Amino acid sequence: MKHFLSLEPFDQPTLVELLDLADQMKKDRGSHSSQPLSGQTWAMIFSKSSTRTRVSFEVGIRELGGKVLFLAANEMQLGRGEPIKDTARVLGRMVHGAVIRTYDHQDVMDFAHFGNIPTINALTDHAHPCQIMADLMTIRSKLGDLSNKVITFVGDGACNVATSWIYAAMKFGFELRIASPKAFSPDASLIAQAGDKIKVIHRMDEAVAGSHVLYTDVWVSMGKEEESASRLKEFEPYQINTAIMNQALPGALLMHCLPAYRGKEVTEEILEGHADTIFEQAENRLHAQKAILSWLAVEGR
Ligand code: CP
Ligand code: NVA
């Protein structure tokens with residue numbers, strides 16, 4: 001049984017196969033007749049808010065011929081304390097696949113194990129692998145070969161998006177810099193395994209110089225709202241603004257997984273100046289999700 005819970009277990013050829021499939025899905029949208037999810041119903045169980053991930057999966061499942069059931073976790077018995085392993089064993093007998101957004105990464109792993117149906121991580125506190133697939137797709141289409149690029153993630157180096165970027169860099173071999181306050185550095189053991197192409201740099205000028213891509217995310221991830229005041233203060237020097245953008249390579253891309261908080265991690269002017277890239281990145285969530293879904297539907301049985 002195949003799942004898509006993190007980039008960690010995948011090798012580069014498999015990820016490239018998925019990115020190629022995503023490019024194909026984008027090119028063929030509206031004209032392809034393949035319906036790999038025909039006859040299937042997929043459940044989407046979300047414990048956190050979502051716009052892009054929810055819509056791209058719902059539309060993607062339908063475009064691939066499947067039916068979709070959106071389940072807000074707090075309206076399920078899960079929200080009243082039913083264990084994830086029981087929820088998984090029930091749904092596993094009724095639906096053909098699951099897309100889960102939640103807090104604890106162990107919950108998606110347990111669901112995959114007990115549900116015994118293809119399971120996709122639509123974001124946990126630990127990782128956001130589907131996002132990074134759309135990001136890699138976007139960078140590849142704009143800048144070509146990934147392996148010789150310098151990609152700089154600016155913000156919370158310990159968050160889900162940064163962690164998935166670290167796994168992506170380990171697979172593709174590009175230089176990844178994480179520009180974060182010291183207290184928000186990535187997990188030290190992960191960095192120790194990651195090799196010397198992944199650098200944690202606390203000074204913005206050092207991190208940004210020579211970058212092909214600057215990438216940012218919210219300073220306060222979902223679930224961290226109680227830390228808002230201290231985070232907003234600590235992250236202030238890490239805002240992407242005109243002065244910072246000018247220190248990257250000429251023509252550098254600015255990417256943001258969205259939602260964006262203007263005046264916090266990025267200024268209005270810079271975000272709007274790079275809107276074409278950022279909203280194409282958001283659109284690519286749909287194509288990348290469809291690639292993941294169809295790959296699982298074929299491989300998962
Ligand atoms: N980038 C992303 O995952 O967006 P949503 O939270 O809107 O799904
Ligand atoms: N790091 C952010 C990503 C949102 C898509 C969060 O977890 O809220």
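Since the structure is predicted, the reported quantities are computational estimates derived from the model, not experimental observations. Just so you know, ligand 1 is whichever comes first in the structure, and atom 1 is the first atom listed for that ligand.
- In this structure, R285 counts as a contact residue of ligand 1, since one of its heavy atoms falls inside 4.0 Å of the ligand.
- Residue T53 does not touch ligand 2, judged by heavy-atom distances below 4.0 Å.
- Against a heavy-atom cut-off of under 4.0 Å, R101 is close to the following atoms of ligand 1: 3 (O), 5 (P), 6 (O), 8 (O).
- Closest to atom 7 (O) of ligand 1, if we only count protein heavy atoms, is T51 N, 2.7 Å.
- The ring of Y167 has its center no closer than 6.0 angstrom to the ring center of F10.
- Exactly one residue among V208, V266, L254 makes a side chain to side chain contact (heavy atoms under 4.5 Å, CB included) with M245. That residue is L254.
- Remark: ligand 2 atoms within the under-4.0 Å shell around heavy atoms of L258 are 5 (C).
- Around atom NZ of K264, no more than 12 heavy atoms belonging to other residues, nucleotides or ligands sit under 6.0 Å away.
- Ligand 2 has no N or O atom lying under 3.5 Å from any N or O atom of H128, backbone or side chain.
- Checking T138 against D135 by side-chain atom types alone, no donor-acceptor pair falls below 3.5 Å.
- Using a cut-off of 4.0 Å between Lys/Arg side-chain N and Asp/Glu carboxylate O, D86 and R89 are scored as salt-bridged.
- For the residues D125, L123, N160, the heavy atom positioned nearest atom 4 (C) of ligand 2 is part of L123.
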R177 vs E206, test: salt bridge (charged side-chain N to carboxylate O under 4.0 Å, His left out). Steps then yes/no. CA-CA 10 Å; R177 301 177 186 167; E206 236 179 81; over 6 Å; no
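- Between the side chains of S164 and Q131, no donor N or O sits under 3.5 Å from an acceptor N or O.
- For M222, a nitrogen or oxygen atom sits less than 3.5 Å from a nitrogen or oxygen atom of ligand 2, counting backbone and side chain alike.
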Show your working on salt bridge (charged side-chain N to carboxylate O under 4.0 Å, His left out) between D276 and K142 and close with a plain yes or no. CA-CA 11 Å; D276 285 350; K142 293 193 173 293; over 6 Å; no
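- Counting heavy atoms under 4.0 Å from ligand 1, residue Q131 touches it through the side chain alone.
- Here is the list of ligand 1 atoms found below 4.0 Å of a heavy atom in H128: 2 (C), 3 (O).
- The heavy atom nearest to atom 1 (N) of ligand 2, out of those in D217, T124, V220, is found in D217.
- For the 3.5 Å distance criterion, the side chains of S56 and Q289 qualify, holding a donor opposite an acceptor.
- Ligand-side atoms of ligand 2 in range of V218: 2 (C), range being under 4.0 angstrom from any heavy atom.
- By the 3.5 Å distance cut-off applied to N or O atoms, L258 is counted among the residues near ligand 1.
- Applying the side-chain hydrogen bond (donor to acceptor under 3.5 Å, both in side chains) rule to R52 yields no partners; only residues at least two apart in sequence or on another chain are considered.
- Counting only heavy atoms of the protein, atom 4 (O) of ligand 1 lies nearest to R52 NE, 2.8 Å.
- Polar contact with ligand 1: absent for R54 (N/O pair, distance under 3.5 Å).
- In terms of N/O distances under 3.5 Å, ligand 1 is not approached by P259.
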